[in-house]
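These notes are about the structure you will find just below.
Source: prediction; values computed, not measured.
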Amino acid sequence: MSRPFPADLLLTGARIHTVDPALPEAEALAVRDGVIVWVGSDAEAAAWAGPDTERIDAGGRLVLPGFIDAHNHVRLGSDADCVQLAGVRTLEGIQERIRAWRAEHPDATWIEAEAFDYSAIPGGRMPCAADLDPVTGDVPAIVLSYDVHTAWLNTAALHRLGITRDRTDLPFGTAALDPKTGEPTGFVKDFAVKGLSRDGHRALRELGVPWASPDRQYGRLARSLDDAIGFGITTVVEPQNSLDDLELYERARAEGRLRSRIVAALFHPRGTTDTDLDEFADAARRFPGDRLRVGPLKLYIDDVVEPRTAALLEPYAGCGHHRGETFYPAEEFADLLAELDARGFQCFVHATGDRGIRTVLDAVAHARTVNGPRDARHQVVHVECLDPEDVPRFAELGVVACMQPRHCAPEIAGPGQDWAENVGEDRWHKAWPMRSLNEAGAVLAFSSDWNVAEMDPMVGIYTAITRRPLGGGEAWQPEETVSVETAVHGYTMGSAYANFLETERGSITVGKAADFVILSRDILRIPAAEIPGTVAETVVVAGDIAHRRP
């Protein structure tokens, strides 16, 4: 064996699962100038060592390609200045958390909380201002749901934000009215669609909501980026940004916080103009790099199942004729997608309900008819409730299924939870059909959807292969589990392909970027219950050690 130069970095003593069918396993690899230049056996590795070569002995541990989280809101949270409500399952518990926070912050001019669970509100109703007023008094309060799709305000916040019975269509959401009194209830839907937009954020900032300030946004981003690299996530796809947000990533890069690579999608809300699209295309040209790339567009066709705002083919269980709405009429959305496709944009489309998903697939089919087929790799993001008739259409249309395995955990979506109860048991077979999609030839791109769910890929992999609660227990819809190899592929090559990165990332292959992770346990061989306790011992990005467990 000959070599033209010694390696900058040499990894030996590993069990490398390459995710490359041409060489599925190896023991060692060599890196030069941030790129993998050799993969092979320990016996051959010494030939790549020179006097200045950095060496890592994996000690027999499993090495995987760096994880690519295909849908991770690193810009959103969690926020250290918010009341943390994750895991609180009762209204009384929420009130107690807020009461305790207020006692510790008596001079606060706003009370902000995040991650409330819809199921915490009794009777299956949506929360209202009267639920907050007893513990917030005259200090305005805003509470964001765990999925950041809705906001919950107290009476003081309704007044501060100017919400009245005659002003419900807001830059940051749509205020619900009490059907009896006609007055605002304090519940605001469409927050993810409007409140996270450029105009929505500006409106919140102008109204003095601290959560929307650039410094608070940067604090959330910096903490989330630290978490990402610690979990072995070497590429983060941030799915929803405005042009204003790009300076946050530039700041993170300048301050050394951008240790993971970023793909930033730009948000395309309804009303986006041709001028906006020109600016989006210009941003993609300005940020084409392997560390920070801008390009895809994020759209919504429906909302979410828990507050019954996703679009279903049949009515919600126990809700009469209500089946949710799409944000666009089907024909209008098909024409829009065809226009974006013609301009060369890749589209990430949020769709959770079976009617919402079908609307997106129909739009992609229309775009292919109008423009001719191309390698667009449009994504349906979430794919929570999918009609079996539409399963084969993903592969047929070249549409990627960008899915978040943790969302289908029984303690989040299963029996007794709002998702399962709203959809109804006769449609549970439609829930997150990962195995069906995989067997039908669809590309699965896995992700966390942080901060909706835990960022740790180990949690997602465990859920994908078991569909059990994190603490153990009965599986929900176990016929849709996938193998651990398939789950790893979804977090590596699947997500790389989904983002046009398969020639440079996603597997441990000569010529690709030297992004890899050494795990504390061999998740391909240990019992599934031990996977969530597995940690990233060492994380390498472009041949540099970006994280090492203390």
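Aromatic rings of H149 and F191 (six-membered ring for Trp) have centroids beyond the 6.0 Å cut-off, not under it.
A donor and an acceptor atom, one from each side chain of D244 and H201, are nowhere located under 3.5 Å apart.
Rounded to the nearest 0.5 Å, atoms OG (S145) and CH2 (W152) are 11.0 Å apart. With values rounded to the nearest 0.5 angstrom, W476 atom CH2 is found 15.0 Å from R468 atom CZ. Rounded to the nearest 0.5 Å, atoms CD1 (I229) and NE2 (H547) are 8.0 Å apart. The CG atom of L437 sits 5.5 Å away from atom CZ of F394, with the distance rounded to the nearest 0.5 Å.
Applying the salt bridge (charged side-chain N to carboxylate O under 4.0 Å, His left out) rule to D354 yields the partners K430; only residues at least two apart in sequence or on another chain are considered. Shown here are the salt bridge (charged side-chain N to carboxylate O under 4.0 Å, His left out) partners of R102, two or more places apart in sequence or in another chain: there are none. Partners of R99 according to the side chain to side chain donor-acceptor pair (under 3.5 Å) rule, which considers only residues two or more places apart in sequence or in another chain, are E96. With sequence neighbours excluded, no residue forms a salt bridge (charged side-chain N to carboxylate O under 4.0 Å, His left out) with D52. The side chain to side chain donor-acceptor pair (under 3.5 Å) search around R55 returns none, not counting sequence neighbours. Remark: R521 engages no residue in a side chain to side chain donor-acceptor pair (under 3.5 Å) (not counting sequence neighbours). Considering only residues two or more places apart in sequence or on other chains, H429 meets the ring pair (Phe, Tyr, Trp, His ring centres under 6.0 Å) condition with none of them. When the salt bridge (charged side-chain N to carboxylate O under 4.0 Å, His left out) test is applied to D227, no partner is found at least two apart in sequence or on another chain.
Y146 and Y118 have perpendicular rings, their planes meeting at more than 60° on a 0 to 90° scale where under 30° would count as parallel.
Salt bridge present: R393 and D390 bring a charged side-chain N and a carboxylate O closer than 4.0 Å. The pair E255-R251 meets the salt-bridge criterion, with a side-chain N (NZ, NE, NH1 or NH2) lying under 4.0 Å from an Asp/Glu carboxylate O. Ion pairing between R15 and E25 holds under the 4.0 Å rule for side-chain N and carboxylate O.
Sorted by first and then second residue, the side-chain hydrogen bond (donor to acceptor under 3.5 Å, both in side chains) pairs involving residues 26-35 (not counting sequence neighbours) are D8-R32.
T481 places a side-chain N or O within 3.5 Å of a backbone atom of P478 that can act as its donor or acceptor partner. The backbone N or O of V305 sits less than 3.5 Å from a side-chain atom of N422, completing a donor-acceptor pair.
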Run I98 and I94 through side chain to side chain contact (heavy atoms under 4.5 Å, CB included) and show every step you take.
CA-CA 6 Å; I98 294 173; I94 290 173; 4.0 Å; yes
Tell me, with the steps shown, if I36 and V39 meet side chain to side chain contact (heavy atoms under 4.5 Å, CB included).
CA-CA 8 Å; I36 298 169; V39 181; 3.6 Å; yes
For residues 408-419, dump all side-chain donor-acceptor pairs below 3.5 Å to protein atoms at least two apart in sequence or in another chain.
| residue | atom | partner | partner atom | Å |
| --- | --- | --- | --- | --- |
| E411 | OE2 | R406 | NH1 | 2.9 |
| E411 | OE2 | R406 | NH2 | 3.3 |
| E411 | OE2 | L470 | N | 3.0 |
| D418 | OD2 | S119 | N | 3.2 |
| W419 | NE1 | E384 | OE1 | 2.9 |

Sequence neighbours left out, cut at 3.5 Å: what donor-acceptor pairs do the side chains of residues 507-520 make with other protein atoms?
| residue | atom | partner | partner atom | Å |
| --- | --- | --- | --- | --- |
| S507 | OG | T509 | OG1 | 2.6 |
| S507 | OG | K512 | NZ | 2.8 |
| T509 | OG1 | D20 | OD2 | 2.8 |
| K512 | NZ | E502 | O | 2.7 |
| K512 | NZ | R505 | O | 3.2 |
| D515 | OD1 | R261 | NH2 | 3.0 |
| D515 | OD1 | A542 | N | 2.8 |
| D515 | OD2 | R261 | NE | 2.7 |
| D515 | OD2 | R261 | NH2 | 3.4 |
| S520 | OG | V535 | N | 2.9 |
| S520 | OG | V535 | O | 3.4 |

Just distance, no hydrogens or angles: give the donor-acceptor pairs under 3.5 Å from side chains in residues 60-70, sequence neighbours left out.
| residue | atom | partner | partner atom | Å |
| --- | --- | --- | --- | --- |
| D69 | OD1 | H71 | N | 3.3 |
| D69 | OD1 | S448 | N | 3.0 |
| D69 | OD2 | N72 | ND2 | 3.1 |
| D69 | OD2 | S448 | OG | 2.7 |

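Residues R75 and R220 have side chains not in contact (no heavy-atom distance under 4.5 Å, counting atoms from C-beta outward).
Shown here for G490 and S495, the closest heavy-atom pair between the two residues is O-OG, 2.9 Å.
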